[in-house]
Structures are given as structure tokens and as C-alpha cells.
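Note that the numbering runs from 1 along the sequence shown for the chain.
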Amino acid sequence: MLFRYVDFVARLCNSTSTSVPRLSYSSTLLPRCSSSLHASLISRYCTSVCASPSAIDVALDSVVKIFSFSRKPEVVRPWQTTEMEHLSSGFVISGRRILTDNIGAPGDLSYVQVRKHGSPTKYKAKVEAFGYGCDLAILVIDSEEFWKDMNPLELGDIPFIGDTVYALGYPRGGDTISVTKGIVSRVEPKKDSHSSIEPLTIQIGAAINNGNGGGPVIMGNKVAGVASVKSSFSGNYIISTPIVKHFLTCVEETGQYLGLCSLAISYQSMENCYIRKHFKMSLEITGVLINEIYPLSSAQGILRKDDVILAIDGVPIGNDETILFRKKERINFEHLVTLKKSGETVLLKVLRKGKEHEFNIIVRHEQQLVPDRYLPSYYILAGFVFVPLSKPYANSSNICNCSLDRKAKKAGEQIVMISQVLLNDITTGYRDYTDFQVKKVNGVEVLNLRHLSDLIEKCSEEDLRLDLEKERVITVNYKSAKEATPWILEHHGIPSAMSKDLKEDASRQLLCFSSAA
């Protein structure tokens, strides 16, 4: 009899109505039990079977399709740009903002439009903030009409393995919204092409394709993550909500996103019993061995090579570089560092020559020597085209990938390359020196492209000498090289001998000099 009763309630609650109708029942239908138990059973089964308005239906009033047009500089010819269209997804969050994937820096974007679900209208939007380190961006729209009936979504917690999630967005191949269902298969920090830091990511079974990027992944009635279509991720990955919250908090507090934080050290595991014995680790303690402290690390002068980090903020670190994370899960200990704000501190317990010490270390966002995007920055002398090294540049050339792993020794440091040698009388014999790093100008070590342009522009010697990698040398007559430059620019249709950013810096320096005088 109880099963008949449950079946009746289930069928009743599966009706199209979202409200629970008044029940009329007889003693022959219900099991023999008290009226209070009847009410309890009805409430219990209606809670599990009679769903309130679907969380997906609510999310549909938040998800948008984004049309963005950007001008990307060419890798070899940064003075030339190509317009590209990028289709992606996004969703509304609190504060009348749209969260999406990183569609590009404001300076790259020429036009952005947003269309909400069920609407034929595209609304003009602008980028409020972007973050290459986390692949996220915030859009804002001034139109009051757009915000009518839009529903901001709330960020939830990290889902557990096996939880069911739904990915919403606008994948390529159609113009209507798509919903895919899957389960969470993996939760772990994963390194991507943006940096050496491993942000916490989530792999799901729901399909995520081009166009889905930036769309919400829903669990229950909250956002479990943001769909990601990074080429460096094989599989269906989403950006976890702790990373999203970190991005939003930094933008709200500082107006910009500088990236995830790092200790700026390299280390190794201590799983081998002989290496633990060598560094005087007793059986009850575990940790990781410091190999190198990077030049710009705040730990310089505090931590030392061969120190063993035993715990971070009181959390013990395993010999396999992991810490306990929820129930029986484990993740890399740097997860506790990445979500810190730049300038905050972590407490490290360190074993040094058999004795334990504690140090407070300031963490800062990672300063990349080789950025993940190609900057439209260049300087030209005669036929030599100088540009800063970036990952897109390295991927398009024969440069050794080992350059990408180098760390900055000074703030603002760049690797300056000769991207082209345009032939003329001055550059004769130097054609093979493309893709070479410029290390010195007239004996002065080059810090970055701006520094190189200053050294060349202020040259007071008859000959200009460039020292390159592999001990190669270029020398030209400085006056002749300067006189040849305008002809080279005109012959190749190049608008200027230097990019806009370098010209603006030169103008500021001239203004400061004039004011001081």
C-alpha cells in the first residue's frame, strides 16, 4: 500500500503545474498511519520529485552570446593588424556585470556586442577588466533595456567528483543556446600556457566546444565554474569558482587583475627515503626541498637552497608536494598560495640543517619574462626590426622552448629579439640574424625594448654595436643607419619607426625634461 501511495504522490508532483495542488485522499489510498505522517511523506516526496522552477530555466535568463571583433598584431610585422571575430558565451553576475572568458585586452578590441537568450537585439558592450592569468573578463552594458528581466547568477563552491553539472553556452555550429549534462571527473591544479602557476581546474563530462568559453557550468542553482576552451587543456575543463572569486575580488579592490600569486621558487618531492635521511628528516615529518629561489622572489635573503618546507599556514605538506584537500582528496600545496592577494603573507615552517624555523613570506603575482600574448611593440633601425619575445612569437619561429622557462632577473625585463632584417645597404650580410636575442647595445646590457630604443636613439658614437646571443656581433655606421630608416619605412609601407607605446613614453620623457628645465 505504501508503494501505491508513493507512486500516486510522484505522479501528482510530476504534473506540469509548479505548485502542489490540494490533496483529496481516502483511507483506502493511503497507508495506515497518522495524519502527521501523511503530511510528512507528502512533503518529503514533493521535495524530491516536484521540482521548483528549474535552475536551468533560471540560468537561461542570465546566459548571453558575445560577438567581439579585435585587431591582432602580426607576429613578424607588429605594425600590421588583422581583424578577427571571436564568438563566446557569458553570464550575468551581481553589479550589472557580465562574466566571460578572456576575449582580449580593451586595446585589442574594436567592437563588442552581446545578445541575450530569446532576443533578436545585439547590445554594445565594453570591457571593464580582463585577466590573462585566469582567462576571464568582465563586460558592462549601459542599456537599461538589456538589463530588464536579466537574472544574476550566484557563484557556488567547488563540486565533488561525481556531482552532476550542466554547461550552458553558444558553441559553434548553431545560433541557439546549448545545454550539455555531465559529471565532475577530476578536480586538480593544472598548468596552462599562461604561466608556470597551476590554477585549480575541474574536468567534467559535459561537452565544451568553441563558443562555449565563458558560459556558466551550473550545479543546483549556483555556478560551479566557467567553461574554458584553452588550447592547452585537453578535455572539458572549467575554471573553478575560487579562481573566479579571486579575479572578481582583485578587480573590485584594485581596478585591475595582476594574476595569481606565487612563492617564485622551484622545488622537488621528498619521496625517496635516502634524500630524506640526507636532509635530516625524521619519520614523522614530511615536506618539499627548495631547489632555487628566483631573483624577483620575496623569499630572497630569507629562504635558502636546500631548505625543506614542512608546512604552509599550518597545513603539513606531503613528501609528494601535496596537502589534504576535502575528505581524502589531495592537491599541490601551491593552491594555498595562488589564491592569496598580492602583498599578503604565508607562514612557512622550514627545516634547515636539521632545525625547524618559521618565516613569513610575502607572495606576489607572477612576473612573466615571456608573456603569453604578442604585444604590438616594435622599434626599427635601418632594416633591423626589434620586438619583445612572447609565446606566440616563439611558437611561430625556430626559437628553443627553453627560452620560455627563463625567469626575470629584474623588474620590467624583456627578451628583445630581431624579428626581421629588411635588406638594404646597411643590413647586407646580416640577413641570417633574424630570431636572435639582442643582449647589449654599445656594451650596455639591454633590459627591455624601451631601453634598447633609448640606447640607440641616444647613441653618440660613430659605430653602433649590437651584441647578440651565440656571441654574434652586428656593427653599423650609426649616422648612415639613421638616414636609411625613413627610406626603409616608406619602401615597406611601415607607418612609424617605433610603436605607439614607445612614442608615448618618449613624449612623456621629453615633457618631464622640459618641466624640470
Novice: Could you tell me how the ring of His246 sits relative to the ring of Tyr257: parallel (under 30°), tilted (30 to 60°) or perpendicular (over 60°)?
Specialist: perpendicular
Novice: Output yes when a side-chain donor or acceptor of Thr427 lies under 3.5 Å from a complementary backbone atom of Leu422, and no otherwise.
Specialist: yes
Novice: When Asp135 is tested against each of Val226, Ile239, Val229 for side chain to side chain contact (heavy atoms under 4.5 Å, CB included), which residue passes?
Specialist: Ile239
Novice: Under 3.5 Å, is there a donor-acceptor pair between the Ser377 and Asp501 side chains?
Specialist: yes
Novice: Looking at every non-hydrogen atom in both residues, tell me the closest pair between Ile238 and Ala224 and how far apart they are.
Specialist: CD1-O, 4.1 Å
Novice: Start with the C-alpha distance between Phe333 and Thr322, add both sets of side-chain angles, then the distance that settles side-chain contact (heavy atoms from CB on, under 4.5 Å), and finish with yes or no.
Specialist: CA-CA 5 Å; Phe333 77 93; Thr322 67; over 6 Å; no
Novice: Are more than 12 heavy atoms from other residues, nucleotides or ligands located less than 6.0 Å from atom CZ of Arg115?
Specialist: yes
Novice: Is any side-chain heavy atom of Cys459 closer than 4.5 Å to a side-chain heavy atom of Asn442?
Specialist: yes
Novice: With no hydrogens and no angle check, is any side-chain donor or acceptor of Ser240 less than 3.5 Å from a backbone partner on Leu200?
Specialist: yes
Novice: Using side chain to side chain contact (heavy atoms under 4.5 Å, CB included) as the criterion, point out the one residue from Glu445, Glu471, Arg472, Glu469 that pairs with Lys439.
Specialist: Glu469
Novice: Please round to the nearest 0.5 Å and tell me the distance separating atom NE2 of His451 and atom NZ of Lys410.
Specialist: 8.5 Å
Novice: Of the non-hydrogen atoms in Asn236 and Ile208, which two are nearest, and what is the gap between them?
Specialist: OD1-N, 3.2 Å
Novice: Just how far is it from atom OG of Ser269 to atom CD of Glu321, taken to the nearest 0.5 Å?
Specialist: 5.0 Å
Novice: When you measure from the side chain of Ser499 to the backbone of Tyr378, do you find a donor-acceptor pair of N or O atoms at a distance under 3.5 Å?
Specialist: yes
Novice: Less than 4.5 Å apart, side chain to side chain, heavy atoms only: is that true for Tyr379 and Leu452?
Specialist: yes
Novice: Closest approach of Tyr430 and Thr475, non-hydrogen atoms and distance?
Specialist: OH-O, 2.9 Å
Novice: With side-chain contact (heavy atoms from CB on, under 4.5 Å) as the criterion, how do Lys305 and Glu292 come out once you've worked through the C-alpha distance, each side chain's angles and the decisive distance to 0.1 Å?
Specialist: CA-CA 6 Å; Lys305 176 178 170 56; Glu292 182 183 2; over 6 Å; no
Novice: When rounded to the nearest 0.5 angstrom, what distance separates CZ in Phe130 from CD1 in Ile138?
Specialist: 11.5 Å
Novice: Could you tell me whether Asp307 and Lys349 make a salt bridge, using a distance below 4.0 angstrom between a side-chain N and a carboxylate O?
Specialist: no
Novice: Has Gln268 got a side-chain atom pairing as donor or acceptor with Asn291's backbone, closer than 3.5 angstrom?
Specialist: no
Novice: To the nearest 0.5 Å, what is the distance between OH (Tyr111) and OG (Ser70)?
Specialist: 15.0 Å
Novice: Does CG in Asn360 sit with more than 12 non-hydrogen atoms of other residues, nucleotides or ligands closer than 6.0 Å?
Specialist: yes
Novice: Can you name the closest pair of heavy atoms from Ser178 and Pro171 and give their distance?
Specialist: CB-CD, 3.5 Å
Novice: Any idea how Phe436 and Tyr433 line up, ring-wise: parallel (<30°), tilted (30 to 60°), or perpendicular (>60°)?
Specialist: tilted
Novice: Any heavy-atom pair between the side chains of Asp463 and Val476 that's under 4.5 Å?
Specialist: no
Novice: Just wondering, do Ile415 and Met417 contact through their side chains at under 4.5 Å, heavy atoms?
Specialist: yes
Novice: For Asp142 and Tyr123, run side-chain hydrogen bond (donor to acceptor under 3.5 Å, both in side chains): C-alpha distance rounded to whole Å, both residues' side-chain angles, the deciding distance at 0.1 Å, then the answer.
Specialist: CA-CA 9 Å; Asp142 292 334; Tyr123 298 86; over 6 Å; no
Novice: Side-chain contact, heavy-atom cut-off 4.5 Å: Tyr478 with Glu462?
Specialist: no
Novice: Inspect the contact between Arg352 and Asp306 and indicate whether a charged nitrogen and a carboxylate oxygen are less than 4.0 angstrom apart.
Specialist: no
Novice: So, do Leu348 and Ile302 sit near enough that their side-chain heavy atoms are less than 4.5 Å apart?
Specialist: no
Novice: Mind checking whether Arg96 and Trp147 have side chains closer than 4.5 Å, heavy atoms only?
Specialist: yes
Novice: Tell me whether Thr254 contacts the main-chain N or O of Cys250 through its side chain, where contact means a donor paired with an acceptor under 3.5 Å.
Specialist: yes
Novice: When you measure from the side chain of Thr485 to the backbone N and O of Ala481, does any donor-acceptor pair fall under 3.5 Å?
Specialist: yes
Novice: Between Tyr294 and Ser266, which heavy-atom pair has the shortest distance, and what is it?
Specialist: OH-CB, 3.4 Å
Novice: Can you tell me how far CG of Leu260 sits from SG of Cys134, rounded to the nearest 0.5 angstrom?
Specialist: 6.5 Å
Novice: Just wondering, do Ile66 and Leu87 contact through their side chains at under 4.5 Å, heavy atoms?
Specialist: no
Novice: Would you please test Ile309 and Ile265 for side-chain contact (heavy atoms from CB on, under 4.5 Å) and show each step?
Specialist: CA-CA 11 Å; Ile309 305 177; Ile265 62 172; 3.8 Å; yes
Novice: Does a side chain donor of either Tyr267 or Glu334 reach within less than 3.5 Å of an acceptor in the other side chain?
Specialist: yes
Novice: Distance-only, no hydrogens or angles: does the Ser68 side chain make a donor-acceptor pair with backbone N or O of Val112 under 3.5 Å?
Specialist: no
Novice: Go through it in stages, so that I can follow the logic: the residues are Phe325 and Val315, the test is side-chain contact (heavy atoms from CB on, under 4.5 Å), and I'd like the CA-CA distance, side-chain angles, deciding distance and then a yes or no.
Specialist: CA-CA 10 Å; Phe325 173 70; Val315 180; over 6 Å; no
Novice: What's the separation between atom OG1 in Thr180 and atom CG in Asn212, rounded to the nearest 0.5 Å?
Specialist: 6.0 Å
Novice: Does the Glu413 side chain pair with the main chain of Lys409, one donor and one acceptor, at a distance under 3.5 Å?
Specialist: yes
Novice: So, is the end of the Lys122 side chain (NZ or CZ) under 6.0 Å from the ring centre of Phe67 and within 45° of the ring's axis?
Specialist: yes
Novice: Would a distance-only check, ignoring hydrogens and angles, find a side-chain to backbone donor-acceptor pair under 3.5 Å from Arg431 to Thr428?
Specialist: no
Novice: Asp313 pairs by side chain to side chain contact (heavy atoms under 4.5 Å, CB included) with which of Leu347, Val337, Thr345?
Specialist: Leu347
Novice: Got a salt bridge between Lys482 and Glu457, using NZ or NE/NH1/NH2 to carboxylate O under 4.0 Å?
Specialist: yes
Novice: Tell me whether Ser298 contacts the main-chain N or O of Ile361 through its side chain, where contact means a donor paired with an acceptor under 3.5 Å.
Specialist: no
Novice: Between Ser88 and Thr100, what is the shortest heavy-atom contact and its length?
Specialist: OG-OG1, 3.9 Å
